[in-house]
Structure formats: C-alpha cells, structure tokens
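This is a predicted model, so every value here is computed, not measured.
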Amino acid sequence: ITISTLGNAQDFGNSTDARYTYSTCSSRTRGFMGGGFPSLVDTIDFLTFATTGTVTDFGNLTQSRWVMCQGASDSTRGMFVGGLNPGPSTTYNIIDYITMASTGDAKDFGDISSTRRMGSGCQSSTRAIFAGGYTPSNTNVIDFVTTSTTGDAADFGDLNYQQKNGSAASNSTRGLFFGGNDGGNPYNNNISFITIATKGNAADFGDLTVSVGGGGSSSSPTRAVRGGGLAPGNSNVIDTVEIPTTGNAVDFGNLNAAGHNLQGFSNGHGGL
C-alpha cells in the first residue's frame with residue numbers, strides 16, 4: 001500500500017518460499033523477513049521498496065524459529081526477536097541483529113527479559129521496543145534496547161492489558177499497539193500507545209474497527225495502518241489511525257487476500 005492514500009493493497013511480489021509467522025524490520029530502501037513456518041527456517045529475505053518483484057536471500061538467523069515477535073530497526077540495524085522452535089519445543093529470548101545495507105548472517109545482540117513469542121515491536125531512531133507476547137502465559141511487559149549498542153533489554157513499562165498476537169507501529173515519537181489476544185477474549189479491538197523517549201506504561205488510544213489478532217502493521221511519520229488477522233475468521237480489513245492524535249481507527253481498504261499470522265513493514269517508520 002501507499003500509506004498516504006486510502007485504498008486496497010496491491011501485489012508486490014513473492015518471498016523465497018511460502019511461510020508465515022516470520023519477523024520483519026526495514027530501512028528506507030529495504031524490507032526484511034526472518035524465520036517462519038511451516039518448513040521451519042532461519043532464512044532472512046529482503047526486498048527493495050522502490051521496485052516490485054520476488055525478494056532475495058540476505059542471510060540466516062542465529063536460530064531457526066517461528067511465531068516470532070515483531071522486529072524493529074533504525075536506519076542501520078534491524079532486529080529479530082524471540083520465537084519458538086517446535087521440536088523439541090523451545091521458546092527463545094534471542095535478539096538477533098543485521099546491518100541492513102549489507103548482506104550476511106545475523107549476529108547476537110542480547111536478550112529480551114524473558115523467553116517469549118507472538119509479541120509486538122516498534123521503534124524510534126534510538127530505541128527499539130518489544131511488548132507483550134506469550135511466555136507461556138500472556139504478558140504485558142514492555143522491553144526496550146538502544147539500537148546502536150548491543151546488550152540485554154531493559155524494562156520500559158507495561159501494556160494496559162496482557163497481550164499476545166497483537167501488532168505495533170510507530171513514528172519517531174509514539175508507539176502504538178493493536179488488538180491481539182488478551183487472555184480473557186480471543187481477540188480485542190484495543191489500541192494503546194506509549195511515548196518512546198519516556199519510560200512508562202501504555203495508555204488508551206482508541207479502538208480498531210474490528211476485534212482482531214494476528215495481523216500486520218506498518219507506519220509513516222503520521223499514519224499507522226494495521227491489516228489482516230483473525231476476527232475470528234481470516235480478515236482482509238486494513239484500519240488506519242493518525243499517530244499524533246488519539247481516537248478510533250477508520251477503514252483504509254482491504255488486503256488482496258484475507259489471512260492471519262502475517263506482519264508488515266514500511267520505508268517510513270519511526271526508526272528512520
């Protein structure tokens with residue numbers, strides 16, 4: 001999609017193989033997809049935003065895994081976080097990182113505060129935020145790292161509900177968290193937000209047009225979009241909000257295929 005213009009999604013191309021529940025991050029020129037299932041992989045693919053077409057192999061994660069947390073990035077580094085290897089079942093607290101302008105395998109950055117999967121990620125130009133997930137129960141923890149360094153994540157605050165399978169997007173100031181499973185309800189329509197420069201708990205922003213989990217999100221400096229997911233069947237709905245305000249989402253358009261366990265990225269997010 002072109003985030004500034006409401007409307008339906010268009011076909012961009014194909015990944016190197018069919019998979020889902022991967023993790024994503026992006027620079028101004030490239031978008032990256034790491035890991036995934038059903039053929040458990042450590043593959044990192046990338047695409048070039050200015051073109052359309054099939055993506056290219058970038059390198060490999062430090063560990064094959066799926067149902068990963070949403071990734072995060074600044075203009076230089078991208079990060080892939082958490083996830084699960086189902087056989088034997090192992091959940092990870094890994095933070096991998098890549099230098100997005102090059103190609104090559106991911107390196108170890110540090111660890112998030114607990115082993116978990118199905119969390120949300122967003123970013124400013126200095127901080128990466130990782131929130132919620134399954135640990136093996138839903139959590140409201142928000143972690144952060146300073147993207148230009150390496151090391152373990154520190155506590156930022158808490159989401160306003162226990163969330164897994166949600167999604168997140170941000171500009172350089174605010175991070176927004178969308179929907180997901182809150183433990184008591186399979187799906188919810190909650191939108192919450194944080195100010196990324198200031199540690200603290202998330203606050204209520206408004207509501208999505210649908211109660212949904214397992215969708216993908218992306219953003220421009222002014223607008224966040226969230227699409228797809230389970231609601232409870234596969235959804236093709238794309239919602240949007242204006243990040244500097246608060247309020248309920250409005251309809252943006254539709255994906256070109258309904259689906260869930262997907263993630264999004266853009267070349268205009270808050271880390272750039």
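- In this structure, Arg117 fails the cation-pi test against Tyr134, since its NZ or CZ atom is not both closer than 6.0 Å to the six-membered ring centre and inside 45 degrees of the ring normal.
- Scored by the side-chain contact (heavy atoms from CB on, under 4.5 Å) test, Ser114 finds Arg116, Thr135 as partners (sequence neighbours excluded).
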Would you mind writing out the side-chain donor-acceptor pairs for residues 259-272 within the sub-3.5 Å range, not counting sequence neighbours?
| from | atom 1 | to | atom 2 | distance (Å) |
| --- | --- | --- | --- | --- |
| His260 | ND1 | Asn234 | OD1 | 2.6 |
| Gln263 | NE2 | Tyr22 | O | 2.6 |
| Ser266 | OG | Ser219 | O | 2.5 |
| Ser266 | OG | Gly268 | N | 3.4 |
| His269 | ND1 | Gln123 | NE2 | 3.4 |
| His269 | ND1 | Gly271 | N | 3.0 |
| His269 | NE2 | Ser26 | O | 2.8 |
| His269 | NE2 | Ser26 | OG | 3.3 |
| His269 | NE2 | Ser73 | OG | 3.3 |

Steps toward ring pair (Phe, Tyr, Trp, His ring centres under 6.0 Å) verdict (Phe144, Phe130): CA-CA 6 Å; Phe144 80 97; Phe130 308 111; 10.0 Å; no
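- Remark: Arg226 is not positioned above the aromatic ring of Phe178, lacking an NZ or CZ atom under 6.0 angstrom from the ring centre and at most 45 degrees off the axis.
- Counting only distance, with no hydrogens or angles, the side chain of Asn165 and the backbone of Gly180 share no donor-acceptor pair below 3.5 Å.
- Annotation: cation-pi geometry not satisfied between Arg19 and Phe37 (NZ/CZ under 6.0 angstrom from ring centroid, within 45° of ring axis).
- Ion pair Asp96/Arg77 not flagged as a salt bridge, since none of the NZ, NE, NH1 or NH2 atoms sits closer than 4.0 Å to an Asp/Glu carboxylate oxygen.
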Output a table of donor-acceptor pairs, distance under 3.5 Å, between side-chain atoms of residues 154-162 and any protein atom two or more places apart or on a different chain; print 'none' if there are none.
| from | atom 1 | to | atom 2 | distance (Å) |
| --- | --- | --- | --- | --- |
| Tyr161 | OH | Gln163 | NE2 | 3.1 |
| Tyr161 | OH | Gly179 | O | 2.6 |
| Gln162 | OE1 | Asn140 | N | 3.3 |

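- Contacts of Thr51 classified as side-chain contact (heavy atoms from CB on, under 4.5 Å), with partners at least two apart in sequence or in another chain: Thr48.
- Residues satisfying the ring pair (Phe, Tyr, Trp, His ring centres under 6.0 Å) test with Tyr92, not counting sequence neighbours, are none.
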Residues Ser167, Ser217; criterion side chain to side chain donor-acceptor pair (under 3.5 Å); working and verdict: CA-CA 6 Å; Ser167 60; Ser217 299; 2.6 Å; yes
Residues 244-254 side chain polar contacts: donor-acceptor under 3.5 Å, at least two apart:
| from | atom 1 | to | atom 2 | distance (Å) |
| --- | --- | --- | --- | --- |
| Thr245 | OG1 | Glu242 | O | 2.8 |
| Asn248 | OD1 | Asp207 | N | 2.9 |
| Asn254 | ND2 | Asn236 | OD1 | 3.3 |

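- For the residue pair Asp143 and Ser113, a side-chain donor N or O sits within less than 3.5 Å of a side-chain acceptor on the partner.
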